[in-house]
Amino acid sequence: MGIFKRKPKETSVDFNALPEHVAIILDGNGRWAKRRGMPRTAGHAVGSENFRKVATYCNDIGIKYLTVYAFSTENWKRPDEEVGTIMSLLEKYIIEAIEEVRKKNLKLRFWGSREGLSDRIKALMERAEEESDNMTGMQVNVCLNYGARNEITNAVRRLVHDVAEGKISAESISEDDIDSRLYSAGTPAPDLLIRPGGEMRLSNFLLWQLAYSEMYFTDKLWPEFDENELNRAIAAFQKRNRRFGGV
Ligand code: IPE
Ligand code: IPE
Ligand code: MG
């Protein structure tokens with residue numbers, strides 16, 4: 001033992017008090033690759049492999065909902081080659097996920113606009129959602145072609161339609177009426193948002209849902225964000241005092 005007192009480990013997690021819903025912005029693939037003298041696309045390949053690893057860990061420890069930002073409505077601005085690589089990695093991932101979901105009892109959902117996606121990827125997304133419909137384990141929400149402003153705009157459009165058709169009156173519109181028209185309908189809001197990659201912004205991710213989420217930012221790039229890093233984020237979350245506006 002000696003004269004040194006043992007400090008509690010930074011990563012000590014109380015596995016009985018886990019956040020129910022963890023959201024992650026998968027950022028830093030490009031820089032990770034560049035630092036190694038590789039093309040950005042190589043970073044996306046390693047990043048998608050890392051997603052598999054971290055998602056498996058979340059499922060193993062008992063996280064109920066995992067939501068990841070994989071491709072934003074703004075990411076179409078990138079060079080065609082990069083967008084093409086990301087799309088084919090997503091396709092590959094979904095094909096494998098169709099098998100995985102049954103084995104691991106996972107529920108898979110895609111949040112985002114289907115507009116602009118290829119017919120092939122849309123068909124795969126539909127199949128994966130169908131296959132996992134009856135699963136009762138962790139729910140994984142993959143935000144693909146997702147933008148929060150787009151999500152809220154669509155919800156408003158649907159509400160206005162419902163008002164025009166007399167299904168609901170303008171005066172009676174509640175927060176729940178908006179909530180139930182978002183991609184996230186039926187899912188509790190994230191407890192913890194994690195953004196690796198060093199940027200301290202939301203980049204149009206879950207603007208409505210993150211209203212009271214705890215935020216955790218780290219310089220670690222997504223491809224190097226492993227189980228230990230997740231533990232560190234959860235441990236930090238567990239030290240927070242959530243007040244939701246109260247005292
Ligand atoms: C995140 O990594 C993946 C996507 C946005 C699709 P980036 O590609 O944004 O990596 P950096 O931020 O340029 O390092
Ligand atoms: C956010 O990362 C989107 C995803 C991770 C899918 P970006 O790399 O696109 O965000 P900005 O451009 O740095 O804000
Ligand atoms: Mg980025």
Side-chain angles (χ1 to χ4, degrees), residues 21-55 58 65-97 108-118 121-122 124-125 128 140-154 182-184 187 190 192-210 213 215-226 229-230 233:
H21 185 173
V22 175
I24 312 179
I25 299 175
L26 310 180
D27 195 27
N29 293 346
R31 279 164 288 164
W32 183 88
K34 280 280 161 223
R35 279 180 203 170
R36 282 161 183 76
M38 300 192 287
R40 293 177 52 84
T41 47
H44 295 310
V46 178
S48 75
E49 204 47 56
N50 194 49
F51 168 65
R52 207 188 310 270
K53 196 170 81 179
V54 172
C58 286
Y65 301 90
L66 174 66
T67 302
V68 294
Y69 204 6
F71 191 85
S72 77
T73 46
E74 286 75 31
N75 288 146
W76 296 106
K77 291 178 196 159
R78 297 186 178 202
D80 288 349
E81 195 216 336
E82 183 170 342
V83 172
T85 300
I86 294 171
M87 287 300 155
S88 46
L89 283 166
L90 280 164
E91 261 183 42
K92 195 179 127 210
Y93 168 77
I94 300 168
I95 291 167
E96 286 165 13
L108 192 57
R109 288 286 171 265
F110 294 95
W111 293 358
S113 167
R114 307 266 158 136
E115 225 169 280
L117 297 175
S118 74
I121 206 163
K122 278 189 285 195
L124 284 169
M125 288 159 76
V140 181
N141 307 303
V142 177
C143 297
L144 200 180
N145 197 16
Y146 175 89
R149 288 179 172 179
N150 170 265
E151 175 182 42
I152 294 168
T153 305
N154 286 337
L182 301 175
Y183 297 120
S184 55
T187 308
L192 170 62
L193 168 79
I194 301 172
R195 181 165 191 160
E199 312 294 356
M200 304 231 209
R201 54 177 172 252
L202 294 179
S203 302
N204 203 12
F205 190 44
L206 305 177
L207 298 182
W208 172 278
Q209 298 86 342
L210 294 175
S213 309
M215 315 249 173
Y216 179 88
F217 297 96
T218 168
D219 287 335
K220 285 269 171 204
L221 303 170
W222 172 247
E224 59 198 16
F225 186 98
D226 59 11
E229 294 301 326
L230 188 78

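Atoms within each ligand, like the ligands themselves, are counted from 1 in listed order. We number each residue from 1, following the sequence as shown. The figures here come from the full heavy-atom set of this structure, side chains too, leaving out hydrogens, waters and symmetry mates.
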(message) To the nearest 0.5 Å, what is the distance between OG on Ser184 and CD on Glu151?
(response) 5.0 Å
(message) Could you check whether Ser203 and Arg195, counting side-chain N and O atoms only, form a donor-acceptor pair closer than 3.5 Å?
(response) yes
(request) Could you tell me whether the side chain of Tyr65 and the main chain of Asn141 form a donor-acceptor pair under 3.5 Å? (result) no
(message) To the nearest 0.5 Å, what is the distance between NE2 on His21 and CD on Gln209?
(response) 8.5 Å
(request) Check each heavy atom of Lys77 against ligand 2 and say whether those closer than 4.0 Å belong to the side chain, the backbone, both or neither. (result) neither
(message) Looking at Arg36, I want to see if its CZ is surrounded by more than 12 non-hydrogen atoms of other residues, nucleotides or ligands under 6.0 Å.
(response) yes
(message) Only heavy atoms of Arg201, strictly under 4.0 Å: list the atoms of ligand 2 that pass.
(response) 11 (P), 13 (O), 14 (O)
(request) Let me know which of Asn154, Thr153, Ile152 forms a side chain to side chain contact (heavy atoms under 4.5 Å, CB included) with Asn150. (result) Asn154
(message) Working to the nearest 0.5 angstrom, can you tell me the gap between Ile24 CD1 and Thr67 OG1?
(response) 9.5 Å
(message) Just by distance, no angles: are the side chains of Asn75 and Ser72 close enough, under 3.5 Å, to form a donor-acceptor pair?
(response) yes
(request) Would you check ligand 1 and list the protein residues that come within less than 4.0 Å of it by any heavy atom, ordered by chain and number? (result) Leu26, Asp27, Gly28, Asn29, Gly30, Arg31, Arg40, His44, Ala70, Asn75, Arg78, Glu82, Ile86
(message) Nearest 0.5 Å, please: how far is NZ in Lys122 from CG in Asn145?
(response) 10.0 Å
(message) Donor-acceptor pair, distance only, cut-off 3.5 Å: does the side chain of Ser118 make one with the backbone of Ile121?
(response) yes
(request) Show all protein N/O/S atoms under 2.8 Å from the Mg ion (ligand 3), or state that there are none. (result) Asp27 OD1
